[in-house]
Amino acid sequence: MVKKRVHELAKELNIESKEIISKLSQMGILVKSHMSTLEDSEIGQLMQIYRNKEKPAPKPARGTAAEPKTPAVAGEKKVEKKKEPVQKSDKPRPNEPKKETAGGRTEYFRGPGLVDRVPSRPPDRRFQEKPKQTDRPRGPVKMDQPAARPAAGPPQERVHPEPRPERPVQERPRQEAPPRDISRPEKTQYERPPVQARPQFDRPQPEQQRPDRGPARPIEHRQQPGTGHARPYGQRQQPAASHPSRPIEQRQGPSPRTGGAAAGPRPQQGERGARPGGAPGMRPKPVDRPQYTGAGAGFKARGDQAVIRPQPVVIDKGRAPADKTKSTDKVKQAKPGFKKPESKGRFEKRSAIADHAEERLRAVAHRKKGAAKPQEQVQKPAKPVEKKPIVLGESVTVQELALKIHKSPAELIKKLMTLGVLATINQEIDTDTASILAGEFGYEVEIKLPVDIEALFMQEPEDPPELLKPRPSVVTVMGHVDHGKTSLLDAIRETNVIATEAGGITQHIGAYQVEHNGKKITFIDTPGHEAFTAMRARGAQVTDIAILVVAADDGVMPQTVEAINHAKEAGVPIIVAINKIDKPDANPERVKQELTEHALVPEEWGGDTICVNVSALKKEGLKELLEMILLVAEVGELKANPNRPARGTVIEAELDKGRGPVATVLVQSGTLNIGDTIIAGPAYGRVRAMMDDKGRRIKKAGPSTPVEVLGFSEVPHAGNTFIVTEDEKLARSIASRRQTRKREEELKNTTRVSLEDLFKHIQEGQIKELGIIVKADVQGSVEALRQALERLNTGEVKVDIIHGGVGAISETDVMFASASNAIIIGFNVRPDVNARKAAENEKVDIRLYRVIYDAIEDVKAAMSGLLDPEYREVTLGRAEIRKVFKASRIGTIAGCYVVEGKIERDAGVRVVRDGIVIFEGKLDSLKRFKDDVKEVLQGYECGLALEKFNEIQEGDIIEAFNIETIKRQLS
Ligand SMILES: Nc1nc2c(ncn2[C@@H]2O[C@H](COP(=O)(O)OP(=O)(O)OP(=O)(O)O)[C@@H](O)[C@H]2O)c(=O)[nH]1
């Protein structure tokens with residue numbers, strides 16, 4: 001025989017190539033594809049097998065040769081034998097002979113006999129076993145199946161063309177799109193939730209279409225190239241043709257059933273058709289079963305069939321993609337190639353995309369919230385943090401708050417604006433505002449005010465009474481200017497301090513200690529000028545006894561009253577020293593009389609105010625005064641604990657060029673020693689040296705001792721409390737904090753802006769401000785000037801002391817003044833070279849003074865210059881119109897007679913008629929006779945024309961006036 005290819009032989013035998021391939025594989029002959037060539041012997045064997053099947057009669061004849069070759073064939077024979085009776089019963093039918101003639105396979109074509117019975121059931125049963133739903137489509141399909149066979153043949157051949165590997169991908173979609181796409185998509189879609197049920201639906205559909213569309217099969221073939229048995233769909237459509245090719249399936253599938261129940265009891269074809277396990281002639285049915293079952297739910301419905309080998313393979317292949325799509329990424333669904341992606345995939349893809357989109361959105365949302373990974377985001381979302389109240393301190397800047405609530409500063413600023421607050425990013429907002437603001441963004445605020453370490457640090461410990469020891473009394477000398485305070489102290493100290501004072505008045509607070517009758521008395525001298533109120537108040541606060549000096553020849557004066565009030569406020573006992581009793585016009589009684597007006601009733605008049613007549617000049621009454629001081633001190637039982645770190649008050653401070661910051665302090669309790677760490681206001685340091693009131697260096701200073709202290713880091717403020725601490729680090733940090741606070745306050749004063757302030761500023765736009773920088777040799781003078789100058793404030797002009805400090809005028813001061821459009825007042829200080837140059841360049845006005853009065857007067861004058869001048873009308877004269885002339889070119893001319901004062905050419909004029917002003921304007925011309933003149937005096941006649949006014953009449957009065965500018969001065 002000639003070599004043939006598998007498909008050629010299949011054609012010849014009118015069977016599918018696959019069946020031959022499977023048969024060959026059962027025979028132990030491996031064939032790669034339908035294009036493989038077969039040896040003559042192999043062809044012979046196959047021919048024998050298939051012809052034996054077709055011709056049962058000759059089988060036995062050939063059987064000798066065929067049977068031994070393959071057990072499968074033998075098996076088949078057995079089956080065939082069983083079928084014979086069935087066939088025989090069928091033979092009488094008219095259909096058989098036709099089929100025999102057609103294919104020569106009577107048994108095989110008995111299937112069609114089923115078709116005849118279709119109306120009666122067989123096909124229905126088949127399908128009913130699986131899904132009833134499939135009946136709709138399948139009903140007709142199965143009916144057509146037999147007829148479709150011939151059509152099925154050709155399609156198979158078409159499929160054979162080799163290019164399988166490539167075609168599958170392209171052709172699948174085209175050809176199978178309708179049938180399989182529908183089925184598979186459904187699979188995947190349905191299978192997701194109910195994996196079992198779908199397969200049943202899926203299969204029937206493809207079957208319906210397969211027979212109609214030949215091309216559909218090829219796809220199936222392609223899919224099952226490796227496993228020739230694996231074509232459930234195709235086989236179904238060709239039940240008869242599949243028989244021969246699936247002996248194994250029949251054995252495996254049907255066998256259990258045949259053995260179980262079907263075989264014997266189903267001799268009839270009708271039932272055979274429905275039950276594969278029936279007779280040998282039922283092969284096609286068993287083949288069908290696996291096809292159906294293999295496709296889907298049939299497996300579960302028929303547990304037996306699930307064992308069938310080929311089916312699992314087919315199923316795996318067929319499902320693999322679907323399963324993957326179900327269980328894993330939907331994106332992978334596209335890979336399988338089939339048309340899945342098109343029909344079913346749309347929905348799947350959309351849902352997948354939607355899912356992805358959601359996931360991404362979530363991820364993005366989480367990322368935006370700050371988390372890097374979705375998982376972590378879930379674990380550490382900011383949400384719980386949002387609800388957690390934010391902790392704020394005393395104040396917070398907009399930027400800090402923005403960080404705390406995870407918002408942008410711009411959002412906060414915007415929100416603040418809606419709340420009526422205009423703030424910058426670095427501006428501090430108070431806790432109330434911050435709370436409201438945070439609340440706007442859904443945050444609660446917890447305000448935790450920091451522990452005031454400073455307050456604790458400065459808190460004065462209470463000394464047990466047993467540790468207290470008597471201390472010198474601190475006496476403050478107060479009184480009106482020039483009443484002799486310094487002279488009195490000088491007399492007491494027997495020194496001459498007055499000679500060193502500029503201008504002859506005391507401008508520094510002085511502290512001195514004297515000893516009388518073995519007891520020390522500390523005196524604090526305070527200036528008497530009104531500008532030094534603060535100093536006096538400070539003196540009163542640190543004092544135990546106040547000496548009120550009143551000049552016997554002058555009596556009680558304003559600052560006397562002020563001193564009385566300070567002393568009363570401080571709860572300090574007052575001793576009145578009526579001075580200058582040596583003067584001829586001294587009148588102590590009058591002074592006492594005036595004192596009573598201020599609730600100071602002398603002892604001799606029944607009151608409790610001690611009054612002592614003294615003369616600083618003559619040094620009279622000093623002893624008595626000192627004794628009275630000691631007496632009052634004794635009554636006060638003044639005590640302090642000298643055996644603890646010192647604490648007291650800074651009386652005065654200055655920046656000494658050679659020694660640096662120098663502070664005059666009054667130790668009020670404890671003992672100050674050299675080397676002590678001391679802090680006072682923003683200044684801290686170590687006590688480098690101490691000098692007493694006489695300039696002598698001392699190593700320690702006990703309670704009530706005034707000393708000059710060197711060693712401060714900067715000039716402390718007069719009035720600051722100083723303490724000694726062992727914790728230098730803490731002192732430094734507290735001082736640093738105070739410095740920062742001071743700077744911030746200075747900054748606030750110049751830069752603080754809010755809507756309220758803005759409005760205020762708009763209102764104050766008409767108020768002129770005079771910015772002043774005050775520099776002085778000592779802090780006390782700075783304060784004195786500040787107070788004196790600020791007192792000059794009026795509703796129209798405002799003095800703004802933008803900076804005050806101790807020391808020479810520096811370039812920085814000049815630049816600051818330039819930026820602030822301010823002037824600089826230097827008191828007992830001079831600008832250094834750089835400052836002088838800078839002042840020239842920046843045209844900054846620097847005023848230097850040695851007497852405070854001059855400074856104040858100058859400032860007052862400067863402020864007067866700032867005041868809006870007053871305008872006053874000055875009447876020049878009056879003229880009566882005696883005659884009116886009309887000139888064509890000039891207009892109306894008035895012939896006048898000056899009845900009073902004079903009429904000036906450039907003056908303003910008004911026309912008054914019967915006491916009513918009918919015009920006010922300017923003269924157009926003024927002539928005497930024909931000459932233009934500048935003025936016409938009383939008693940003379942003149943001619944004049946008014947500018948843009950001709951309605952004059954005889955008898956009108958022309959009034960001439962001028963507007964004078966009058967500079968205003970502060971009272
Ligand atoms: N005749 C007479 N003159 C005195 C007496 N005490 C002071 N003076 C004079 O009064 C003037 C003012 O004396 P001060 O001691 O400077 O007066 P003050 O109260 O200290 O003045 P301020 O320091 O400016 O507050 C000086 O010229 C003294 O000579 C006195 O007892 N008798």
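The chain is numbered in sequence order, starting from 1. Just follow the structure's listing: the first ligand is 1, and inside any ligand the first atom is 1. The shown structure was predicted, so the numbers you read here are calculated from the model rather than taken from an experiment.
Salt bridge E627/K623: absent, no basic N to carboxylate O contact under 4.0 Å. Using a 4.0 Å cut-off between a side-chain N of Lys or Arg and a carboxylate O of Asp or Glu, D582 and K618 do not qualify as a salt bridge. A salt bridge links K592 to E589: at least one charged side-chain nitrogen sits closer than 4.0 Å to a carboxylate oxygen.
For ligand 1, the atoms sitting less than 4.0 Å from at least one non-hydrogen atom of A616 are 6 (N), 30 (C), 31 (O), numbered in the order shown with element in parentheses. Residue D582 has at least one heavy-atom neighbour below 4.0 Å for each of these atoms of ligand 1: 1 (N), 2 (C), 30 (C), 31 (O), 32 (N). Set against the non-hydrogen atoms of S615, the atoms of ligand 1 under 4.0 Å away are 31 (O). Against a heavy-atom cut-off of under 4.0 Å, T486 is close to the following atoms of ligand 1: 15 (O), 18 (P), 20 (O), 23 (O).
Applying the salt bridge (Lys or Arg N to Asp or Glu O under 4.0 Å) test to pairs two or more places apart or on separate chains, those with a residue in residues 681-691 are R686-E728. Residue pairs meeting the side chain to side chain donor-acceptor pair (under 3.5 Å) criterion with at least one partner in residues 804-814, sequence neighbours excluded, are K775-D813, S810-D813.
At a heavy-atom distance under 4.0 Å, only side-chain atoms of K583, from C-beta outward, approach ligand 1. By the criterion of a heavy-atom distance under 4.0 Å, the side chain of N579, and not its backbone, is placed next to ligand 1. Contacts with ligand 1 closer than 4.0 Å are made by heavy atoms of both the backbone and the side chain of K485.
Distances between N or O atoms of V614 and those of ligand 1 include no value under 3.5 Å. Considering backbone and side-chain atoms alike, V481 places every N or O at 3.5 Å or more from each N or O of ligand 1.
Judged by distance alone, the side chain of K485 and the main-chain N or O of G479 form a donor-acceptor pair under 3.5 Å. A donor-acceptor pair under 3.5 Å is absent between the side-chain atoms of T596 and the main chain of V601, judged by distance alone.
The closest heavy-atom contact to atom 28 (C) of ligand 1, among the options S487, G484, A551, comes from S487.
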